[in-house]
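Basis for what follows: all heavy atoms, side chains included, without hydrogens, waters or symmetry-related copies. Just so it is clear, the structure is predicted and the values come from calculations on it, not from any experiment. Order of the sequence lines fixes the chain letters, A, B, ..., with proteins taken first and strands second; residue numbering starts at 1 for each chain.
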Amino acid sequence: MVLLSLPCWLRSRLTDRFWRVQAVLKHARHFRGRKNRCFKLAIRSVQRAFVKTTKARRKKKSFMRELWITRIEAASLEHGLKYPAFIGNLLKCQVDLNRKMLADLAIYEPKTFKSLAALAQRRRQEGFLAALGDGKEPEGIFSRTVHHY
Amino acid sequence: PSQIALKSGASVTQTSLAHTSCPAFHSLAIIIAKTSLSSPPWPEVKLPDPIEEAKYHAEVVQKVNEMIATGQYGRLFAVVHFASKQWKVTSEDLILMENKLPAECGDRIRLEKVLMVGADDFTLIGRPLLGKDLVRVEATVIEKTESWPKINMKFWKRHNYQKKKIIVQPQTVLRINTIEIVPCLS
């Protein structure tokens, strides 16, 4: 053999095409139709699926917050309070439970939720009296804030 | 005519009260006819007597203290603020968080920021936190792993633009051992 033409004969060829294709198809095995078997159809579906999961991860947070708010609203209406009144008055009482916790308490600790609703209602009434009474009525007991120094 | 007279009479007394606000008027106890404008449209709110309320509060606090001292509670739950999240926690339950802790596996940890503690008959609500001398929540670090590989992909069609990134988050698993409360309410 002529040694000078040996490098011209050596061409690089793709040898692991099978595994590259399988790496995409493994994410498509649970799809419906031909896109779980055929690479050309599968790669489009798999790309769209990945993009959808990335976007959904951001939207999940706002969706869960909406769900918690709906649940807290339903539970507070059972106790005769609307959601803005409940949340606003709880914050004014310096109770820092977030919506996830309030929703969990409303489901699993109904007595605790009832006492929180009563607290919010009482703070609301004290707020009304403070606004209407021109400071002549005595200060509310639940309106006193706690100072941490 | 009688109705009109009542209405005018009601308005007269109302205006006189508003302008003079003399204590003599209050002691006379004028009966104002109930019309659409004789009282404000919101329901009248009356708070209970503060002295009696203070007595009632002291009684309740003392009862709860007694219950805690004698141990008349079953399972305690606590709302704990940890790793910038709030967890509703009982004893013997597992917590998974998406971060690394500087503690080793098997270390006993005390969770200090307790927002609320409760049992079946009573709950202690913190404003916003409960005192460290009141509650003690202990946990053990069980596992420090990584999450399953999450895929982050961007793709614009017809623009030959795609990026794929695999994200692996560190995770820690804690087992809550005990929640203890001390009867030091005041």
Worksheet, complete the sentence: Test side-chain hydrogen bond (donor to acceptor under 3.5 Å, both in side chains), reference A:Lys111, set B:Asp121, B:Thr123, B:Asp120, output is B:Asp120

Worksheet, complete the sentence: Cut-off 4.5 Å, heavy atoms of chain A, and the answer for B:His81 is neither

Worksheet item: What part of A:Arg57 is in contact with chain B, defined as an atom under 4.5 angstrom from a non-hydrogen atom: side chain, backbone, both or neither?
Response: side chain

Worksheet item: What part of B:Pro43 gets closer than 4.5 Å to chain A, counting heavy atoms only: side chain, backbone, both or neither?
Response: neither

Worksheet item: For B:Lys46, is it the side chain, the backbone, both, or neither that has a heavy atom closer than 4.5 Å to a heavy atom of chain A?
Response: neither

Worksheet item: chain A heavy atoms under 4.5 Å from B:Lys154: which part of the residue, side chain, backbone, both or neither?
Response: backbone

Worksheet item: For A:Thr53, is it the side chain, the backbone, both or neither that has a heavy atom under 4.5 Å from a heavy atom of chain B?
Response: side chain

Item to complete: Under 4.5 Å heavy-atom distance to chain A, tell me which part of B:Ile151 shows up: side chain, backbone, both or neither.
Response: both

Worksheet item: What about the rings of A:His79 and A:Phe86, do their centers lie closer together than 6.0 Å?
Response: no

Fill in: Toward chain A, the part of B:Phe122 with a non-hydrogen atom under 4.5 Å
neither

Item to complete: Specify which of A:Arg48, A:Gln125, A:His27, A:Gln47 makes the most heavy-atom pairs with chain B at under 4.5 Å.
Response: A:Gln47

Discussion item. Quick check with a 6.0 Å cut-off and a 45 degree axis cone: is A:Lys100 positioned over the face of B:Trp87's six-membered ring?
Written reply: yes

Worksheet item: Are A:Leu116 and A:Ile72 connected in a single hydrophobic cluster, I mean Ile/Leu/Val/Met/Phe/Trp/Tyr linked by side-chain heavy atoms less than 4.5 Å apart?
Response: yes

Worksheet item: Donor-acceptor pair, B:Arg127 side chain versus A:Cys93 backbone, under 3.5 Å?
Response: yes

Item to complete: Grab the two heavy atoms, one from A:Lys35 and one from A:Ala28, that are nearest each other, plus how far apart they are.
Response: O-CB, 3.6 Å

Worksheet entry | Shared hydrophobic cluster for B:Ile179 and A:Met101 (ILVMFWY, side-chain gaps under 4.5 Å) | no

